[in-house]
Amino acid sequence: MSTGTTADDDAPRARAVRALAAHAPGCSGGDLRELGGGLDHRAFLAGELVVRVADPGARAEVTREAELLRLVAAHVSVPVPVPRFADPVHGVLGYPLVPGRPLLGRAAPAGAAARLGRVLRELHGIPRAEVGDRAPVDPAEPDDWLADLPGPAPLLRVLRATRPRPARELVLAHADLGAEHLLESDGELTGIIDWADAAVTDPALDLARPYRDFGPAFLDDVLLAHGSDTPELRQRVTFFARCAALEDLAYGRGSGREAYRRAAERSFAWLFPGAAEPTA
């Protein structure tokens, strides 16, 4: 028996239109502009409202993500998406547009590292009791990160030889804090977006991608403002930054998104000094 639905009905744009009709009827679904997306979502713009559509298998997660975003917004001093609605039936999250342009492929403005370090100190200081079940717990085991990691063999050997011990203390972290999720306008850090991967995990994850994308001096300033700088932390930051660079290299090459490939290859100068070029 037919369910009355089609593949087109389940497409991200169709789900976005239905969610807007239910929760924000003043926004015209006919004027949706696609913003892009990642491995697990597509995003559209309806006026000043971002409509983020999760993969079909993650529809129910939008309610948890909305609760987490409201918690984070109450604790950090930089704008994050604050949901206007969460629709688990259609797997859609709607929130006002956070101002700024992603820093992917661009230099970080002066002062951004110190600002980011302060924001991460605020985020990582949110009590676990307040987080509750709003975010999963991920111990970020280095061996798990190495499993099936793509990349040139010489660089993978470096990673295996330098893998650190797991973190002893886990905190609430964004966990995917690359330049594409840091927004800037007029030389100021204006927002952090895409919190779908947030977890109670190793704080090094939130330091690793900024290190990958902006280099050692940026990391030094982030750590100074964050108030945590130990050899053990730096070892984990370096490990995760190297893993993230190899992931983005593979993603950029496989998807044709050259900005990711170029950024990953640029980071090899400080992440793998003296190692072979990433030609495989």
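Every heavy atom of this structure was used, including side-chain atoms; hydrogens, water molecules and symmetry mates were not.
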Between the side chain of [X] and the main-chain N/O of [Y], is any donor-acceptor distance below 3.5 Å?
X    : Y    : value
R15  : A54  : yes
R261 : R257 : no
T238 : Q235 : no
E141 : D144 : no
R59  : V89  : yes
R106 : R101 : yes
R212 : A244 : yes

**Message:** Would you say that P166 contacts P139 through its side chain, given a criterion of any heavy-atom pair below 4.5 Å between the two side chains?
**Reply:**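 Side chain of P166 against side chain of P139, heavy atoms only: no contact under 4.5 Å found.
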**Asked** Does some side-chain heavy atom of P99 sit less than 4.5 Å from a side-chain heavy atom of L183?
**Response**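 A side-chain contact under 4.5 Å is absent here.
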Enter the distance from [X]:[atom1] to [Y]:[atom2] here, rounded to the nearest 0.5 Å.
X    : Y    : atom1 : atom2 : answer
D202 : R168 : CG    : CZ    : 11.0 Å
R134 : I126 : CZ    : CD1   : 9.5 Å
R262 : D248 : CZ    : CG    : 12.5 Å
D213 : L104 : CG    : CG    : 7.0 Å
F214 : W270 : CZ    : CH2   : 9.5 Å
L49  : L20  : CG    : CG    : 6.5 Å

**Message:** Would F44 and R52 count as a side-chain contact (heavy atoms from CB on, under 4.5 Å) here? Give the steps.
**Reply:** CA-CA 6 Å; F44 303 88; R52 192 170 180 276; over 6 Å; no
**Between E122 and S77, a side-chain donor and acceptor under 3.5 Å** =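 Judged by distance alone, the side chains do pair up.
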**Item:** Pair H174-D197, side-chain donor/acceptor within less than 3.5 Å
**Value:**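 The answer is no; no qualifying pair exists.
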**Closest non-hydrogen atom pair between R115 and L189, with its separation** =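 Shortest heavy-atom contact: NH1-O, 3.1 Å.
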**Prompt:** Salt-bridged, E61 to R64, with N to O below 4.0 Å?
**Reply:**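 The answer is yes: the pair qualifies as a salt bridge.
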**Prompt:** Does the cation-pi check pass for R209 over F240, that is, NZ or CZ under 6.0 Å from the six-membered ring centre and within 45° of its axis?
**Reply:**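 Cation-pi check for R209 and F240: fails.
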**Item:** Partner residues of D143 under the side chain to side chain donor-acceptor pair (under 3.5 Å) criterion, sequence neighbours left out
**Value:**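 Scan of D143 (side chain to side chain donor-acceptor pair (under 3.5 Å), adjacent residues dropped) gives R163.
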**Prompt:** Passes side-chain contact (heavy atoms from CB on, under 4.5 Å), L207 versus L233? Steps please.
**Reply:** CA-CA 9 Å; L207 303 163; L233 177 61; 4.0 Å; yes
**Item:** Step-by-step side-chain contact (heavy atoms from CB on, under 4.5 Å) determination, L246 to R242
**Value:** CA-CA 6 Å; L246 292 181; R242 287 169 168 171; 5.9 Å; no
**Asked** Between R234 and L223, does a side-chain contact (heavy atoms from CB on, under 4.5 Å) hold up when you go through it step by step?
**Response** CA-CA 9 Å; R234 281 191 180 254; L223 285 169; 3.5 Å; yes
**Prompt:** Is there a side-chain hydrogen bond (donor to acceptor under 3.5 Å, both in side chains) between D55 and H41 once you walk through the steps?
**Reply:** CA-CA 5 Å; D55 278 355; H41 73 278; over 6 Å; no
